[in-house]
There are 2 protein chains.
Amino acid sequence: MADRSRRPDLAAMIAPLLRELIAAEEPVLAAHGISMWGYVVLVALDGSSVRTQAALAAAIGADKTRIIRDLDELQERGLIERTPDPDDRRVRLLAITDAGRALKNAVQDEIQRGEEHWLSELSADERKTFLRALGRLSAGDRRRAARGRNGDTT
Amino acid sequence: MADRSRRPDLAAMIAPLLRELIAAEEPVLAAHGISMWGYVVLVALDGSSVRTQAALAAAIGADKTRIIRDLDELQERGLIERTPDPDDRRVRLLAITDAGRALKNAVQDEIQRGEEHWLSELSADERKTFLRALGRLSAGDRRRAARGRNGDTT
DNA sequence: TATTGTTATACTCTATAACTATA
DNA sequence: TATAGTTATAGAGTATAACAATA
């Protein structure tokens with residue numbers, strides 16, 4: 001018999017929720033002709049001080065080899081710029097363009113409007129505490145992850 | 001310039017957290033010689049009234065074809081039973097064994113002890129509200145998902 | 001004809017290794 | 001010798017299609 005005193009594993013509660021959130025994002029991304037990784041890249045470049053491709057890969061938890069196609073495409077569409085670093089010509093400095101930021105903001109607005117659908121199941125207090133707690137746990141992630149890397153994001 | 005009034009997307013906050021939770025589970029699962037899907041199957045069979053393979057696949061969000069190997073292995077190890085349904089001989093009725101339940105409980109205990117590491121970042125109030133809100137959102141998943149299927153879990 | 005469980009195939013991701021150009 | 005970026009290859013994981021047995 002199942003033990004009612006057990007709570008579900010955190011991962012088991014979160015995984016299906018994430019699956020639905022991603023499924024809801026896909027049509028929005030498709031409508032704007034951008035991939036999930038492409039969107040993640042734009043968000044990372046807009047919000048942080050990430051400059052090099054290696055730092056970007058680390059920041060978004062991707063392998064440095066698997067974001068190159070996305071960077072190529074984003075650059076071809078004029079959504080990001082890749083300029084050689086004069087101080088170290090191995091490095092290519094990344095920057096989001098105005099067009100890239102506009103696209104990212106449009107996509108993000110739509111996605112967050114869709115997420116209200118989920119958050120509306122919570123009371124105002126629950127919502128506030130939930131988002132804060134989630135941010136805390138997520139921030140813990142970043143702190144732990146940062147320790148394993150070189151600590152700098154440029 | 002980044003707009004500070006934007007909150008991160010829910011998916012963007014949850015995804016890295018889930019990745020870490022899964023990474024923390026893997027050594028536990030490996031120590032008990034069971035795969036992630038195998039564990040998910042045991043949890044589903046222990047806690048609900050799922051009986052057929054098709055219902056199980058739907059319940060855990062997997063394709064019916066991709067759980068067969070796991071079911072084979074779980075059965076070989078005596079952790080589940082697969083018996084033909086006398087009422088419909090196409091169907092094989094699934095049931096967790098005592099050994100399966102014992103393994104599942106042992107793994108679950110270890111996993112949840114590990115999760116305290118994350119939850120300890122929250123205050124008692126935050127923790128309570130967070131888990132309740134997460135359960136609510138996750139329950140919403142199940143309601144929405146159930147509507148898309150046949151409504152019965154047997 | 002539809003459905004359960006199964007197998008085989010193809011496809012999509014991802015990780016690994018190897019290469020270049022710089023340092 | 002080590003590192004940033006790149007490319008090519010191989011592997012894992014997944015979805016799709018087709019099959020046999022039964023309804």
Side-chain angles (χ1 to χ4, degrees), chain A residues 15-16 18-19 22-23 25-26 29-30 34-41 44-45 50-76 80-95 148-154, chain B residues 15-16 18-19 22-23 25-26 29-30 34-41 44-45 50-76 80-95 148-154:
Chain A
L18 179 62
R19 249 196 313 228
I22 289 175
E25 284 188 9
E26 264 158 12
L29 295 167
I34 193 171
S35 71
M36 179 78 69
W37 281 114
Y39 174 63
V40 169
V41 166
L45 288 181
V50 171
R51 289 288 150 78
T52 72
Q53 296 186 189
L56 172 64
I60 65 179
D63 194 278
K64 65 174 180 173
T65 65
R66 80 183 182 200
I67 59 172
I68 292 183
R69 291 302 186 97
D70 298 281
L71 294 179
D72 289 345
E73 200 179 316
L74 292 172
Q75 186 179 21
E76 277 163 28
I80 66 169
E81 283 173 349
R82 268 199 290 196
T83 58
D85 182 350
D87 295 339
D88 183 345
R89 283 162 51 219
R90 293 173 304 183
V91 169
R92 310 181 72 171
L93 295 174
L94 301 173
R149 295 193 296 270
N150 62 14
D152 192 356
T153 58
T154 58
Chain B
L18 180 61
R19 252 197 308 229
I22 288 175
E25 285 188 9
E26 264 158 10
L29 294 167
I34 192 169
S35 71
M36 180 77 70
W37 282 114
Y39 174 63
V40 169
V41 165
L45 288 181
V50 171
R51 290 287 151 78
T52 73
Q53 296 187 191
L56 172 65
I60 64 180
D63 194 279
K64 64 174 182 173
T65 66
R66 81 183 179 200
I67 59 173
I68 291 182
R69 292 302 187 99
D70 299 279
L71 295 179
D72 289 344
E73 200 179 317
L74 292 172
Q75 186 179 23
E76 275 162 28
I80 66 169
E81 285 173 348
R82 267 199 290 197
T83 58
D85 182 350
D87 294 341
D88 181 347
R89 285 161 53 217
R90 292 173 304 184
V91 170
R92 310 180 73 173
L93 295 174
L94 302 173
R149 295 193 297 272
N150 62 15
D152 193 357
T153 58
T154 58

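- Residue A/Asp88 is the one, among A/Asp88 and A/Asp72, whose nearest nucleotide of DNA chain D lies closer to the 5' end (criterion: closest heavy atom).
- In this structure, the separation between OG1 on B/Thr52 and CG on B/Leu93 is 8.0 Å, given to the nearest 0.5 Å.
- Closest to the side chain of B/Arg92, out of C/dG5, C/dT14, D/dT6, is C/dG5.
- Side-chain nitrogen and oxygen atoms of A/Arg82 include at least one within less than 4.0 Å of the OP1 or OP2 phosphate oxygen of D/dT6.
- A heavy-atom distance below 4.5 Å is not found between the side chains of A/Arg51 and A/Val91.
- No more than 12 heavy-atom neighbours from other residues, nucleotides or ligands sit within 6.0 angstrom of CD on B/Glu73.
- Remark: P of D/dT22 and CG of B/Asp87 are 15 Å apart, rounded to the nearest angstrom.
- Under the side-chain contact (heavy atoms from CB on, under 4.5 Å) rule, B/Leu74 has a single partner from B/Leu45, B/Leu94, B/Val41, which is B/Val41.
- When the P atom of D/dA17 is taken as reference, atom NZ of B/Lys64 falls 12 Å away, rounded to whole Å.
- The nearest whole Å value for the distance from the CG atom in B/Asp85 to the P atom in D/dT22 is 13 Å.
- Rounded to whole angstrom, the span from the CG atom of B/Asp63 across to the C1' atom of C/dT6 amounts to 12 Å.
- Take the nearest nucleotide of DNA chain D for B/Arg89 and for A/Arg69: the residue whose nucleotide is more 5' is A/Arg69.
- Regarding contacts with the backbone of C/dT14, a side-chain N or O of A/Trp37 is found under 4.0 angstrom from either OP1 or OP2.
- When the C1' atom of C/dG5 is taken as reference, atom CD of B/Gln75 falls 13 Å away, rounded to whole Å.
- Within a 6.0 Å sphere centred on CZ of A/Arg82, heavy atoms belonging to other residues, nucleotides or ligands number more than 12.
- Across D/dG5, C/dT6, C/dT14, the shortest atom-to-atom separation from the side chain of A/Arg66 is found for C/dT14.
- The distance between atom CZ of A/Arg51 and atom P of D/dA4, rounded to the nearest whole Å, is 17 Å.
- For A/Arg90 and C/dC19, the CZ to P distance is 19 Å, given to the nearest whole Å.
- We find that CG of A/Asp70 is positioned 15 Å from P of C/dT12, with the value rounded to whole Å.
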